[in-house]
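Proteins come first, then strands; the chains are lettered A, B, ... in the order of their sequence lines, and each starts at number 1.
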Amino acid sequence: TQLLEQSPQFLSIQEGENLTVYCNSSSVFSSLQWYRQEPGEGPVLLVTVVTGGEVKKLKRLTFQFGDARKDSSLHITAAQPGDTGLYLCAGVKGAGGTSYGKLTFGQGTILTVHP
Amino acid sequence: DTAVSQTPKYLVTQMGNDKSIKCEQNLGHDTMYWYKQDSKKFLKIMFSYNNKELIINETVPNRFSPKSPDKAHLNLHINSLELGDSAVYFCASRRSGAPYNEQFFGPGTRLTVL
């Protein structure tokens, strides 16, 4: 059973377009993270959202945590070729020491932005 | 001054062999993890150590044995390698108690079993 459903799996767009990636679950998470992974490298943390309804912005990237803390979205405005990569959402269930920081990942979204 | 390093970067081996992957972090973190990323890019946790103590042990074949000689190192030994073990293995670390549970990943080890 996949705890975190991420969609779409693949996204191929032109430079300048906007896009949204979704991460959905039937489970409640204490926090949710978004990572970006480039070929041949490990994932790098972009943002963590912890409060239901929270919105965080990182330049052209906007991250939202659902009110019920079961889902999240990543919106990119005016995508650029440099945004190309694998985007992963990951949730943590339970707070602090009870979770040991165990991350449950979504399946990932491979984004390609064409010049 | 790499934060989380793994060796080797690539590992190609025959079925049935035994191999090890090493991980080192110089961030002063006390918790380290091993993840497996399959061909569809799905990343799944395997093990975690906190201060050399095993704290997460997912459903992984017992051919896989992690070892943490100290807080800065976490190695993964795999016995009797099978074709299905082919994947990219990532090591990660974090400081327990750090806000937001940020984990720092190594560059990965691509294991190919022939």
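Scanning both residues, A:S72 and A:Q64, for their nearest heavy atoms gives OG-O, 2.6 Å.
Looking at A:Q9, there are no atoms closer than 4.5 Å to chain B (heavy atoms on both sides), in backbone or side chain. Only the side chain of A:L86 has a heavy atom closer than 4.5 Å to any heavy atom of chain B. For chain A, the nearby part of B:Y33 is the side chain; its heavy atoms alone come within less than 4.5 Å. Only the side chain of A:Q33 comes within less than 4.5 Å of a heavy atom of chain B; its backbone N, CA, C and O stay farther away. Residue contact with chain A, scored on non-hydrogen atoms closer than 4.5 Å, involves the backbone and the side chain of B:K41 alike. Of the two parts of B:Q6, neither the backbone nor the side chain holds a non-hydrogen atom closer than 4.5 Å to a non-hydrogen atom of chain A.
Within the 6.0 Å centre-distance limit, the rings of A:F105 and B:Y35 are counted as a close aromatic pair.
Under the 4.0 Å criterion applied to side-chain N and carboxylate O atoms, B:D38 and B:K44 are not assigned as salt-bridge partners. Between A:E38 and A:R36 there is a salt bridge, since at least one side-chain N of the basic residue sits less than 4.0 Å from a carboxylate O of the acidic one.
Environment of NZ in B:K9: crowded, with over 12 heavy atoms of neighbouring residues, nucleotides or ligands closer than 6.0 Å.
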